[in-house]
Peer 1: 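Here's a structure for you.
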2 protein chains.
Amino acid sequence: MNAKKYVYFFGDGRAEGSARMKSLLGSKGANLAEMVNIGIPVPPGFTISTEACTHYYANDGGYPDGLEDEIDENLARLEESTEKWFGDAKNPLLLSVRSGAAISMPGMMDTVLNIGLNDESAVGIAKMSGNERFVYDSYRRFVQMFGNVVLGMEHSDFEQILEEKKRLRGVTMDTELDSDDLKDLVSRYRELVEKETGEAFPDDPKEQLKMTIDAVFESWNTDRAKTYRNLNNIPHDLGTGVNVQVMVFGNMGADSGTGVCFTRDPATGENIFYGEYLLNAQGEDVVAGLRTPETLDHLKDEMPGIYGELSAIREKLERHYRDVQDMEFTIESGTLYMLQTRTGKRTAQAAVKTAVDLMEEGLIDKETAILRVEPDQLDQLLHPMIDPKATVDVLAKGLAASPGAAVGKVVFSSHKALEWVEKDEKEKVILVRLETSPDDVGGMAASQGILTARGGMTSHAAIVGRGMGKCCVVGCNEIDVDGKANRFTVGDIVVNEGDYITLDGTKGEVILGITDLVEPEMTGDFETLIGWASRAKRLGVRTNADTPHDSEVARNFGAEGIGLCRTEHMFFGEERLPIVQQMILACDEASRRNALDKLMPMQKEDFKGIFEVMKDLPVTIRLLDPPLHEFLPKTEEDIREAASRMNTGVDELKSIIQNLHEVNPMLGHRGCRLGITYPEIYEMQVQAIFEAACELAAERDGHRVIPEIMIPLVGHINELRFTKERLVETAGAVMGRYGTEIEYLVGTMIEVPRAAVTADEIATEAEFFSFGTNDLTQMTFGFSRDDVGKFLPFYVKEGILASDPFVTIDQTGVGKLIEMGVTKGRSTKPDLQIGICGEHGGNPASVEFCHRTGLDYVSCSPFRIPIAILAAAQAAVKERDG
Amino acid sequence: MNAKKYVYFFGDGRAEGSARMKSLLGSKGANLAEMVNIGIPVPPGFTISTEACTHYYANDGGYPDGLEDEIDENLARLEESTEKWFGDAKNPLLLSVRSGAAISMPGMMDTVLNIGLNDESAVGIAKMSGNERFVYDSYRRFVQMFGNVVLGMEHSDFEQILEEKKRLRGVTMDTELDSDDLKDLVSRYRELVEKETGEAFPDDPKEQLKMTIDAVFESWNTDRAKTYRNLNNIPHDLGTGVNVQVMVFGNMGADSGTGVCFTRDPATGENIFYGEYLLNAQGEDVVAGLRTPETLDHLKDEMPGIYGELSAIREKLERHYRDVQDMEFTIESGTLYMLQTRTGKRTAQAAVKTAVDLMEEGLIDKETAILRVEPDQLDQLLHPMIDPKATVDVLAKGLAASPGAAVGKVVFSSHKALEWVEKDEKEKVILVRLETSPDDVGGMAASQGILTARGGMTSHAAIVGRGMGKCCVVGCNEIDVDGKANRFTVGDIVVNEGDYITLDGTKGEVILGITDLVEPEMTGDFETLIGWASRAKRLGVRTNADTPHDSEVARNFGAEGIGLCRTEHMFFGEERLPIVQQMILACDEASRRNALDKLMPMQKEDFKGIFEVMKDLPVTIRLLDPPLHEFLPKTEEDIREAASRMNTGVDELKSIIQNLHEVNPMLGHRGCRLGITYPEIYEMQVQAIFEAACELAAERDGHRVIPEIMIPLVGHINELRFTKERLVETAGAVMGRYGTEIEYLVGTMIEVPRAAVTADEIATEAEFFSFGTNDLTQMTFGFSRDDVGKFLPFYVKEGILASDPFVTIDQTGVGKLIEMGVTKGRSTKPDLQIGICGEHGGNPASVEFCHRTGLDYVSCSPFRIPIAILAAAQAAVKERDG
């Protein structure tokens, strides 16, 4: 009887696994096997399956029967294949161990290199390689890595010994230590291990391997990994695979090297072979950005044979995987090995271009192309660019690491970036660093853009910048950064902290001073992709817009109507605010009507402008929503000014403002509550809407205006009934006066929990619902959006909430109320039109939720329209694919 | 073939209807028939059924076939019975018409008297009665009543003519007009009718009758009546009955009179014959309170025969109806007629005494006794009384119209009462009036008590005061009210607006100045009834209490535990607030812990006190809930004082206060959000709870402490998980330290809508739920309780909301979330203990809702415990009775 198989060999042109076995072998292991199977040179190795890991957890850390034998057998195959022997003193085999789950997961142990080293084997390798320093540097790193990752010791305890050594030797760089120093460090490290763990450092290579495999298994269940899985709804019983592979070294001399490459340019998507490498280096050196790597063009010149081999692999892998690949390779003494291939991360621009190109090259179909771009990523394309008409004076050039343009004040530390932005949220800063580290992430997020003097396209700054969609220029060697003096210089030019610069992340340019930026447009591949998406989606996409300009921008991006026009935005403005204030301060209906009469023609003109742009498309107009005191002056100075303008005493005005003050304005006298207690306000607004519509219909023949009038903050059917009755009356009177019939709808926001709960009743009077998910989230959670800063960040950090519910709809809670609203509403009125306004309308996960819940449309801000369209298309494609 | 019967005759000792036919005949008609059937003297008449009314509405105002013939036939029977002839010139029959639905309803037309009068019949009656002035006074009233009620004219238009007449004649009272004046008025009134309606006043008695019957039908569907039915869930298709009855006159001379009597004292419930009457008067005169009526003792002396007859009727009706009756009678020239009998309205004291007495007299069983008292009415018995030990100096005596005692500043208008209380909600006022009218209702509600100089026990002030449970003294002839000068005098003593007086509504006394009041106790009949109720109910009744004193009061009233102990109430107090402020202002955890360490022993003592009183009963303790800034000083002066106490700069303190300020504190950093971000606060509280419990267990052998610890404002399962984990740890540590095992529960408030929606998840961690219906109502409606004043009164007035949802649970909306919370919670944990705290726990309709929804207990303030017990018992009895 054969025992269950837990180990899968790959190497010598044949692998037991394949790319389809990701859940069994993990992503990394499956791709290694796949590469071997299609003839790519990969150092041989084997993958211990995720089933072994789940067995390990189900049995208190016990291995399944036969696993140890399987490992031994595969180890023997590796020895046979390489003709090196694990634990041998003269010709020892060294191994790497890497974890690899089906879904990549931060917090899991990643890599231990050089397993098999001990005092004996080190001597053997030193002899064989003739490079003693390299061997003891590797040995010291191995002890530290093993001590930290496998034995759970503090990284910094080892660093302390290293720092002490450097101080004693009077040097500052690790590379300045010689092999004797490193030998000494090895023995000190080993002493530290014995002191801390109470046991000697394991010399037996088999024991080293076993302990490392156990550590990989254990790393599946660290708190951080568990939290990550909880937050991302990843089942806890998937387990991780373990990849054990023969070590190859890129740092064996001038004919060795290591690099990273992409089948296409990850920044632009251009179909060029893109990559970087360092000769005589280890993989970590490329990523850390300590040395600026060479491009592949250089490799082509230096090692044409290797370059040709790599180019063929590029071609083969991309055709095979039908997507851009991100590959790691090592050249060991003139021989090329591939260590990893995976789907390449890319900028939005690259993602769009690649998706369209691959479709046009016939590698993928339109549906796949639609799924290939993360909707949220498009935000990068919707960033401002430098005005093409602007004359720019380029100060320096670096690598164009992340596109877009940014203007801001220079700061030289993340700390300062955060401090300035916290002090004034409108402050715009640009972070300038020699290079960035994980400590800078907060400061990078707070900045408009990032500029570094060192590092390549795969340096920390470049990767993080692209991930954040921040404009980023890296490797700008021309600038000389003096972080202590808070300045940088380019030749004679000194740029001090607080000086303005402009970055062009698309071209890699640094420009002195403030440069004009322009809003993005949708053209080329972007337009093509969004065109495909528009045809694939089922959900309508409307915009939130209050001006003709915003309406036009949105329509150009593909908006199919206005889902939310906030009429109160028309109440601000220098000319109007005094009249609005006069209306609020009116002591009786007659003088209130007097002020409203002055406002009416203004609102009418606003509506005409919007109706004009939105020809033949629905325009959802929300009647006045915020509490009246929002329109009153707030500062002492403004109050004085307003009082003198209105011929009122300052104290009297203050007392009126005090009277309008509310303890919880969010839950106060606003929305339809205002419209009910002061019906003349809504009456004016409805009059303005219908006069605008009637006049436009008369002026422009065949111009269809479709107003959908929305009552805010309805919680009880009677509120809607009361306002609707008067609204219909006013609308009828206006239309009668003009002799024009305008087709219109009357509906309501569903934003108060009670409205969702009683949606069946409310639907009897409503012709449409629009979920106001901002307020619905506030009231369902009992979170005041203005005040959550004191605890919500903590909640998200601690995993109490998976994400900010104001960004992504909380499907478990708020989502349940939305589902209830939809089901109950349609139970009364099966053809009830239902949409969502509020910022969730442009959030991809929320858009998918809206699709699944059967909404008719989402509405979002103009610059998120393409994102919503793509997200809606993906939801439709996924639904079709089951 | 017989047509359907629509008219039911009563009179001459026999009636076609009975008391069981209320839905067909209306309440008034059914009781008139019943009285006739059991041999009570009632003027003969007939009732047109409610079916005729519904037919009228179903057929655009058409009468059913045969109805007119039936009316004619019954009219003929009346003529035969009285030997008077409807429309006859010499011996005319006059009729009254009264509406009467199954449920009495304000806004419906009530009464038209003297139908059948015209210029001819007036002459006939004047001759027969020999009293011309009386006839023309009746005639003038008839034209006005008919014009107003039947023809829809303005009452004031008639009044204007009357006022003009009086001015011309130089008199001030109607009674000073002579019969010629009245004759002239009749003709002017008739002219007005013709001018306004375009038609002459109908002289034909049959036409008068037909028009009046139609008007009664029409009055069923006035806007006011419809709104009332909507608000009270009364079906619109019940219809009203119409009672047509022979007129009898109490104003025919000294051997005539009219009165109102109760089978028992409606104020005290004492089994004495209680009533008032006026000789030579009409019914309206008694109710209006213009003349102070005589008591029945007086009738006994003056007309012993009539009195004996009335006494026998009293006995008969009460035994027959098995409840206290409120009867109207008229004596016409020495003959007694009963015009109405109905269940007598009574004070709480009377209701309780009557229910217990009737049960003990064997007339009703315990379940019926429980149903006989409106739970809300008990509030009257839970009002303060004058301290028996106080020496009081009685200024004047009036009628003890509504029990309880009140202290307040004298005001002389409802307007002023409202104004003062609105300005300062703690202001206590007493409304002093000559007599009250419906315009005074608002001012009466705002006052602590009401004092009138005129009127009897059935005057407007007395009826309304009793209904509101307000202390009320009426008919206090000794006081001389000068409303214009804002003062009243008793002899030499002048009491000005703003002076304090004390009222004793139980004794009818007016006392100068402020008198000490004492809290009520539950004794005698009250205790008996609540004892019966306690045994009949299923729902538990707990109390909201934060001090040992409140806990004791509640336990004495029958509380079965504490459902809500608000720990933050222990944070106030002169000694503690500075420490709490120190805790809030702490800039790190260590100094916060330092302050908490000082608070801990104080909280521990509080808990010990409460646990001691609540021996063997559960004590639900809510951990800190309100936002921290509530504990900080608010006024400039307090800030200065606090700053100097804390050795802090005033500006620094102000800036901290400013930092803690929230836009919407209701939805801010409070509840478990505080407990999560500052875990040391809850840790201190839990430590105090368990140290108190352990110490008490050690000090008092066998004293069982049952803490139920409640986490406030949970919206997400993870919030509960986070706090519970730490709580259980702290509790365990304390119990370990004392070596004592305390049985306890950990549960959560369900007050955030999201908690109700995700109750199935939350129940996995909660051992009990307690619905915090105050906050749940705020968030479900999106109503800030502090700010609703601007629109909620308008909503209730306009019928947009049937009632204030902070008083009675909104069953359609908030109630649905509660039901969802119960169902979902129990789906996870079938034996989940579920209660409700928040003020709805003492509201009878809400208690009934809680019973139906399957809650385990309600919790309310100590003085509402008996109300909740009675309401819970009624819910159980009603459920049993189906």
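Quick note on labels: first sequence line is chain A, next is B, and so on, each numbered from 1.
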Peer 1: Examine whether an atom of D760(A) lies under 4.5 Å from a heavy atom of chain B, and if so say whether it belongs to the side chain, the backbone or both; otherwise answer neither.
Peer 2: neither

Peer 1: Which residues in residues 622-634 of chain A have any heavy atom closer than 4.5 Å to a heavy atom of chain B?
Peer 2: none

Peer 1: Quick one, N718(A) and L801(B) - any side-chain contact, counting heavy atoms below 4.5 Å?
Peer 2: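 N718(A) does not reach L801(B) side chain to side chain.
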
Peer 1: Are side-chain heavy atoms of K816(B) and T758(A) found at a separation under 4.5 Å?
Peer 2: no

Peer 1: Go through it in stages, so that I can follow the logic: the residues are M820(A) and M820(B), the test is side-chain contact (heavy atoms from CB on, under 4.5 Å), and I'd like the CA-CA distance, side-chain angles, deciding distance and then a yes or no.
Peer 2: CA-CA 12 Å; M820(A) 198 183 300; M820(B) 197 183 301; 3.2 Å; yes

Peer 1: Are any non-hydrogen side-chain atoms of R673(B) and Y795(A) less than 4.5 angstrom apart?
Peer 2: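 Side chain of R673(B) against side chain of Y795(A), heavy atoms only: contact under 4.5 Å found.
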
Peer 1: Just how far is it from atom CD1 of I800(B) to atom CG of L720(A), taken to the nearest 0.5 Å?
Peer 2: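 So the gap between those two atoms works out to 11.0 Å.
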
Peer 1: Quick one: what part of H716(A) sits under 4.5 Å from any heavy atom of chain B, side chain, backbone, both or neither?
Peer 2: side chain

Peer 1: Applying the side chain to side chain donor-acceptor pair (under 3.5 Å) criterion to R754(B), which one of T777(A), D810(A), T780(A) satisfies it?
Peer 2: D810(A)

Peer 1: Please name the pair of heavy atoms, one in K790(A) and one in H661(B), separated by the smallest distance, quoted to 0.1 Å.
Peer 2: NZ-O, 3.8 Å

Peer 1: Between chain A and each of G789(B), G668(B), P665(B), count heavy-atom pairs under 4.5 Å; write down the option with the most.
Peer 2: P665(B)

Peer 1: Do H669(B) and D787(A) come close enough that some side-chain heavy atom pair is under 4.5 Å?
Peer 2: no

Peer 1: Can you tell which of D786(B), V663(B), L667(B) makes a side chain to side chain contact (heavy atoms under 4.5 Å, CB included) with N664(A)?
Peer 2: D786(B)

Peer 1: Under a 4.5 Å heavy-atom cut-off, does chain B meet the side chain of E751(A), its backbone, both or neither?
Peer 2: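 For E751(A), no heavy atom lies under 4.5 Å from chain B.
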
Peer 1: Distance from F783(B) atom CZ to L713(A) atom CG, nearest 0.5 Å?
Peer 2: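 Answer for the CZ-CG pair, F783(B) versus L713(A), is 8.5 Å.
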
Peer 1: Among L792(A), I717(A), T677(A), which residue forms the greatest number of heavy-atom pairs with chain B at distances under 4.5 Å?
Peer 2: T677(A)

Peer 1: Which atoms of V788(B) are under 4.5 Å from chain A, going by heavy atoms: the side chain, the backbone, both sets, or neither?
Peer 2: neither

Peer 1: Describe, in one word, how the ring planes of F722(A) and F794(B) are oriented to each other, choosing from parallel (under 30°), tilted (30 to 60°) and perpendicular (over 60°).
Peer 2: perpendicular

Peer 1: Heavy-atom distance under 4.5 Å between the side chains of M666(B) and M666(A), does that happen here?
Peer 2: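 No, their side chains stay 4.5 Å or more apart.
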
Peer 1: E680(B): what forms a side chain to side chain donor-acceptor pair (under 3.5 Å) with it, not counting sequence neighbours?
Peer 2: R592(B)

Peer 1: At their closest point, which heavy atom of M779(B) faces which heavy atom of G782(A), and how far apart are they?
Peer 2: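 Smallest interatomic distance, heavy atoms only, reads SD-CA, 3.5 Å.
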
